[in-house]
Participant: 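Here's a structure for you.
Just so you know, these numbers use all the heavy atoms, side chains as well, and skip hydrogens, waters and symmetry mates. Letters A, B, ... mirror the listed sequences (proteins, then strands); counts begin at 1.
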Amino acid sequence: MPELPEVETIKLGLQKYLVGHKILDIDVRDQKIFKGDKKNIINAKVIDVKRVGKGLIIEFDNDYVLAIHVKLTGQLIYRGRETENIEVSKEKVGSLPSKFTHVIFNLDHGANLYYNDIRRFGWIKVIQKEELKNLPFFKEMGPEPFKDLTLDKFKKAIQSSNIPIKVLLMDQKKIGGVGNIYANDALFNAGIDPRRKAKTLSESEIEELYNSVLKVLEKGLEKGGASELTYVNALGQTGGYQNHFLVYGREEERCLRCGGEIKKIKLGGRGTYFCPSCQK
DNA sequence: CCAGCAGCCTGTGCGC
DNA sequence: TGCGCACAGGCTGCTG
């Protein structure tokens, strides 16, 4: 599901193809997903695309931005003259638009940006740039890997919390951008049991985990994200990290390190995969 | 303030 | 074949 590497991959695609385009009209097919007044960005030109945690911000040449969260099954797919020879994933996208297309941005030069979302958990908000920092999602976003998450901040977040370390890794207020896939894989890489209370981790374990988080996120970025569920990049293409999972989704399969059996449990209501003999 | 969990939503995959 | 149902999960908001 879209986590930091997936959303970053979408962002890079939108930066490449969307920046410079003007929005001519917006076809809102599902009011639940699209919030705010579309008039505020019609005829505005996209000047940049940013990522905050798992959220996206599309900036315009006026006071407004689009704040977007694709949650579990949202897709943002650009189609224009430059991409007409690129095929979108048949399996993950199908036709465009489809019955899962809830918003269509009509751009200049005949291009379109489609927002698809099977489960309709995602949201798109037209909001003044200045108000962005008042949205809880952005206001409360914790420090992020590759940005402001220093080892010191990571250490403090872990040592001040009594919840299972895996639940903490996924808490966006504590650490921005890490979700279920990369939390599972980072803990496996660091050899730490996901059930351990955060504050019981030693200094060296915290350092190992810090490096592991960066390592699995880098691998995810390098592979263009993990195409679990419906994830595709801004061109509608699948990523490759799903072929490199360390433990995520590998219930009852062999541990890559010791050959033992990968177990699945629930932590914080979420599926959690780990090797009981390698992760202590 | 903190920890834990229901609810949102719908396709998938199972059991019968 | 088809029905019914549990399950998946990021985030919000409620509860204890």
Participant: Between C/dG10 and A/Q172, is there an OP1 or OP2 to side-chain N/O distance shorter than 4.0 Å?
Facilitator: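 No, A/Q172 has no side-chain N/O under 4.0 Å of OP1/OP2 on C/dG10.
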Participant: How many whole angstroms separate atom NZ of A/K71 from atom P of B/dG7?
Facilitator: 16 Å
Participant: Is A/D117 salt-bridged to A/R119, cutoff N-O under 4.0 Å?
Facilitator: no
Participant: Less than 4.0 Å between a side-chain N and a carboxylate O, is that true for A/E59 and A/K129?
Facilitator: yes
Participant: In this structure, how many angstroms lie between the C1' atom of B/dC2 and the NZ atom of A/K197, rounded?
Facilitator: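 A/K197 atom NZ is separated from B/dC2 atom C1' by 11 Å.
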Participant: Mind checking A/G269 for me? I need base, sugar-phosphate or nothing, with any heavy atom below 4.0 Å counting as a touch.
Facilitator: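 It contacts nothing in the nucleic acid.
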Participant: Start at the 5' end of DNA chain B and walk down; is the nucleotide closest to A/P164 or to A/I118 reached first?
Facilitator: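 With A/P164 and A/I118 compared, the 5'-side residue is A/P164.
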Participant: C/dG10 P sits how many Å from A/D171 CG, rounded?
Facilitator: 12 Å
Participant: CZ of A/F138 versus P of C/dT12: gap in Å, rounded?
Facilitator: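 Checked: the CZ to P distance equals 10 Å.
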Participant: Give a yes/no on whether any side-chain N or O of A/K266 is located under 4.0 angstrom from OP1 or OP2 of C/dA8.
Facilitator: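 True: A/K266 side-chain N/O within range (under 4.0 Å) of C/dA8 OP1/OP2.
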Participant: Starting from the C-alpha separation in whole Å, work towards a yes-or-no answer on side chain to side chain donor-acceptor pair (under 3.5 Å) for A/N184 and A/N180.
Facilitator: CA-CA 6 Å; A/N184 276 294; A/N180 205 23; 3.1 Å; yes
Participant: With respect to the phosphate group of B/dC2, does any side-chain polar atom (N or O) of A/K199 fall under 4.0 Å of OP1 or OP2?
Facilitator: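 No.
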Participant: Counting only side-chain heavy atoms from C-beta out, which of C/dT12, C/dA8, B/dA3 sits nearest to A/F137?
Facilitator: C/dT12
Participant: Just the rounded figure in Å: distance from P of C/dG10 to CG of A/L169.
Facilitator: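 So the CG-P distance, A/L169 to C/dG10, works out to 13 Å.
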Participant: Measure CD/A/Q242 against P/C/dA8 and give the value in whole Å, please.
Facilitator: 20 Å
Participant: Pick the closest DNA chain C nucleotide for A/T73 and for A/W123 by heavy atoms, then say which residue is nearer the 5' end.
Facilitator: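 Result of the comparison: A/T73.
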Participant: Please compare A/V167 and A/R119 by the position of their nearest nucleotide in DNA chain B and report the one closer to 5'.
Facilitator: A/V167
Participant: What I want to find out is whether A/E205 reaches A/R196 closely enough, with some N-O distance under 4.0 Å, to be called a salt bridge.
Facilitator: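 Counted as a salt bridge, because a side-chain N and a carboxylate O are separated by less than 4.0 Å.
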Participant: The side chain of A/E3 lies closest to which of these nucleotides: B/dA3, C/dG10, B/dC9?
Facilitator: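 Ranking B/dA3, C/dG10, B/dC9 by closest atom to the A/E3 side chain puts C/dG10 first.
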Participant: So what does A/R270 touch, heavy atoms closer than 4.0 Å: a base, only the sugar-phosphate, or nothing?
Facilitator: base
Participant: Is the closest basic N to carboxylate O distance between A/R51 and A/E144 below 4.0 Å?
Facilitator: yes
Participant: Between P on B/dC8 and CZ on A/R120, what's the gap in Å once rounded to a whole number?
Facilitator: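 Roughly 12 Å, once rounded to whole Å.
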Participant: Can you tell me how far P of C/dG9 sits from CD1 of A/I265, to the nearest Å?
Facilitator: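 Taking atom P of C/dG9 as the reference, CD1 of A/I265 is at 13 Å.
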Participant: Which nucleotide in the set B/dG11, C/dC11, B/dC8 lies at the smallest distance from any side-chain heavy atom of A/K32?
Facilitator: B/dC8
Participant: Between C/dC11 and A/H69, is there an OP1 or OP2 to side-chain N/O distance shorter than 4.0 Å?
Facilitator: yes
Participant: What does A/L72 touch in the nucleic acid at a heavy-atom separation under 4.0 angstrom: a base, only the sugar-phosphate, or nothing?
Facilitator: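 It contacts base atoms.
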Participant: If the cut-off is 4.0 Å, is A/Y248 near the phosphate of C/dG9, judged by side-chain N/O to OP1 or OP2?
Facilitator: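 So the side-chain polar atoms of A/Y248 do come within 4.0 Å of the phosphate oxygens OP1 or OP2 of C/dG9, strictly under.
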Participant: Heavy atoms under 4.0 Å, any strand shown: does A/N162 hit a base, just sugar-phosphate, or nothing?
Facilitator: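 It contacts sugar-phosphate atoms only.
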Participant: Evaluate the ring planes of A/W123 and A/H69, with Trp represented by its six-membered ring, and classify them as parallel (under 30°), tilted (30 to 60°) or perpendicular (over 60°).
Facilitator: tilted
Participant: Quick check for you: among B/dA3, C/dG10, B/dG11, whose closest atom lies nearest to any side-chain atom of A/S161?
Facilitator: B/dA3
